[in-house]
Amino acid sequence: MVDVSKAAKIWAVVAAIPLGKVASYGQIAALSGLPGYARYVGKVLKELPDDSRLPWHRVLRSDGKIAFPLGSEAFEKQRVRLLEEGIVVKNGKVSIRNYGW
DNA sequence: GACATGACCGCAC
DNA sequence: AGTGCGGCCATGT
């Protein structure tokens, strides 16, 4: 299981991502006061329930790509949510300038 | 404790 | 631009 004290900070940072913008796992970790915990962020998001209201879909890898294999269900769900916020996704990669606030 | 795995990252080829 | 490798933290075998 995940450490709640760390997870809480991560949740807070993820929830603070502005609409229409995205961040990387590493950034989330750093802004959460947990540098080097990029992989841990992925673990935390993975444990999120489907009914969670956190904007987890705004979290991408450092290269701007979605962290799921193209075509997978999770990939499609994230892609759609991003498009609904006006974020263009091309070949699993976002095409926005203001990457990372 | 050794080894493998994961919604990762950075740098070198 | 794509791949590979080592490093990263936590879990599971």
Side-chain angles (χ1 to χ4, degrees):
Chain A
M1 288 297 288
V2 298
D3 184 346
V4 185
S5 62
K6 295 185 181 68
K9 297 181 178 181
I10 295 173
W11 293 332
V13 174
V14 174
I17 302 176
L19 187 66
K21 296 192 179 178
V22 296
S24 77
Y25 294 87
Q27 283 175 39
I28 299 300
L31 293 174
S32 300
L34 304 167
Y37 279 66
R39 305 197 76 137
Y40 195 79
V41 172
K43 189 183 220 62
V44 171
L45 296 188
K46 181 176 196 151
E47 305 301 328
L48 287 177
D50 288 348
D51 55 14
S52 174
R53 251 71 82 192
L54 277 180
W56 58 268
H57 51 278
R58 295 179 199 158
V59 183
L60 311 169
R61 301 202 319 210
S62 61
D63 56 6
K65 290 193 300 184
I66 292 179
F68 298 106
L70 283 74
S72 66
E73 294 191 35
F75 174 92
E76 289 301 330
K77 187 161 70 175
Q78 182 169 9
R79 183 180 67 80
V80 172
R81 287 199 178 185
L82 288 172
L83 291 177
E84 288 180 335
E85 296 186 357
I87 300 173
V88 182
V89 181
K90 186 184 300 181
N91 292 332
K93 199 180 345 177
V94 302
S95 58
I96 71 177
R97 303 296 199 156
N98 301 19
Y99 180 74
W101 288 258

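Basis for what follows: all heavy atoms, side chains included, without hydrogens, waters or symmetry-related copies. We name chains A, B, ... by the order of the sequence lines, and we start the count at 1 in each one. What you see is a predicted model; the values in this text were computed from it and never measured.
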Of residues 7-23 of chain A, the positions that come close to DNA chain B - non-hydrogen atoms, cut-off under 4.0 Å
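When residues 7-23 of chain A is checked for heavy atoms under 4.0 Å from DNA chain B, there are no hits whatsoever.
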
Can you sort out which residues in residues 73-87 of chain A have a heavy atom within less than 4.0 Å of DNA chain B? Ascending by number, please.
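The stretch gives none, as no residue of it lies under 4.0 Å from the strand.
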
Can you name the nearest heavy-atom pair linking [X] to [Y], along with the distance?
| X | Y | answer |
| --- | --- | --- |
| A:Val22 | A:Tyr99 | CG2-CD1, 3.3 Å |
| A:Ile96 | A:Gly20 | CD1-O, 4.2 Å |
| A:Ala38 | A:Ala29 | N-CB, 3.8 Å |

Report, as yes or no, whether the 6.0 Å neighbourhood of atom CG on A:Asn91 holds more than 12 heavy atoms from other residues, nucleotides or ligands.
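Atom CG in A:Asn91 is not packed in, count stays at 12 or less.
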
Give me each pair satisfying side-chain hydrogen bond (donor to acceptor under 3.5 Å, both in side chains) with a member in residues 2-12 of chain A, each pair once, sequence neighbours excluded.
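Every pair satisfying side-chain hydrogen bond (donor to acceptor under 3.5 Å, both in side chains) with a residue in residues 2-12 of chain A: A:Asp3-A:Ser5, A:Asp3-A:Lys6.
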
Within residues 19-45 of chain A or reaching into it, pairs that qualify as side-chain hydrogen bond (donor to acceptor under 3.5 Å, both in side chains) - sequence neighbours excluded
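The answer is none; no pair qualifies.
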
Tell me, please, the opening and closing nucleotides of DNA chain C, 5' to 3', among those with an atom under 4.0 angstrom from a non-hydrogen atom of chain A.
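Reading along DNA chain C, I get C:dG7 to C:dT11.
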
Walk along nucleotides 8-13 of chain B from 5' to 3' and tag each nucleotide B, S or - by protein heavy-atom contact under 4.0 Å, base first, then sugar-phosphate.
BSS---

Find which nucleotide of DNA chain C each of A:Lys93 and A:Gly36 is nearest to by heavy atoms, and output the residue with the more 5' nucleotide.
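Nearest-nucleotide comparison on DNA chain C picks A:Lys93.
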
Which residues share a side chain to side chain contact (heavy atoms under 4.5 Å, CB included) with A:Lys93, sequence neighbours left out
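By the side chain to side chain contact (heavy atoms under 4.5 Å, CB included) rule, A:Lys93 matches A:Lys65.
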
In Å and rounded to the nearest 0.5 Å, what is the CD1 to CD1 distance from A:Ile10 to A:Ile28?
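The distance works out to 8.5 Å.
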
Donor-acceptor pairs are to be reported for all side-chain atoms of residues 45-53 of chain A against protein atoms at under 3.5 Å, with residues two or more places apart or in another chain.
residue : atom : partner : partner atom : Å
A:Ser52 : OG   : A:Leu54 : N            : 3.3
A:Arg53 : NH1  : A:Asp51 : O            : 2.5

Could you go over nucleotides 2-5 of chain B and give all protein N or O partners under 3.5 Å, atom names and distances?
none

All pairs passing salt bridge (charged side-chain N to carboxylate O under 4.0 Å, His left out) where residues 23-32 of chain A contributes a residue, at least two apart
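Pairs touching residues 23-32 of chain A that pass the test: none.
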
B:dA7 versus C:dG7 - spacing of their P atoms, nearest Å:
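Taking atom P in both B:dA7 and C:dG7, they lie 22 Å apart.
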
Under 3.5 Å, side-chain donor or acceptor atoms of residues 73-89 of chain A against the rest of the protein: list the pairs with distances, not counting sequence neighbours.
residue : atom : partner : partner atom : Å
A:Glu76 : OE1  : A:Arg79 : NE           : 3.0
A:Glu76 : OE1  : A:Arg79 : NH2          : 2.9
A:Gln78 : NE2  : A:His57 : O            : 3.0
A:Gln78 : NE2  : A:Val59 : O            : 3.2
A:Glu85 : OE1  : A:Arg58 : NE           : 2.9
A:Glu85 : OE2  : A:His57 : NE2          : 2.8
A:Glu85 : OE2  : A:Arg58 : NE           : 3.3
A:Glu85 : OE2  : A:Arg58 : NH2          : 3.0

Could you tell me how far apart A:Trp56 (CH2) and B:dA7 (C1') are, to the nearest whole angstrom?
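Atom-to-atom, A:Trp56 to B:dA7, this comes out as 9 Å.
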
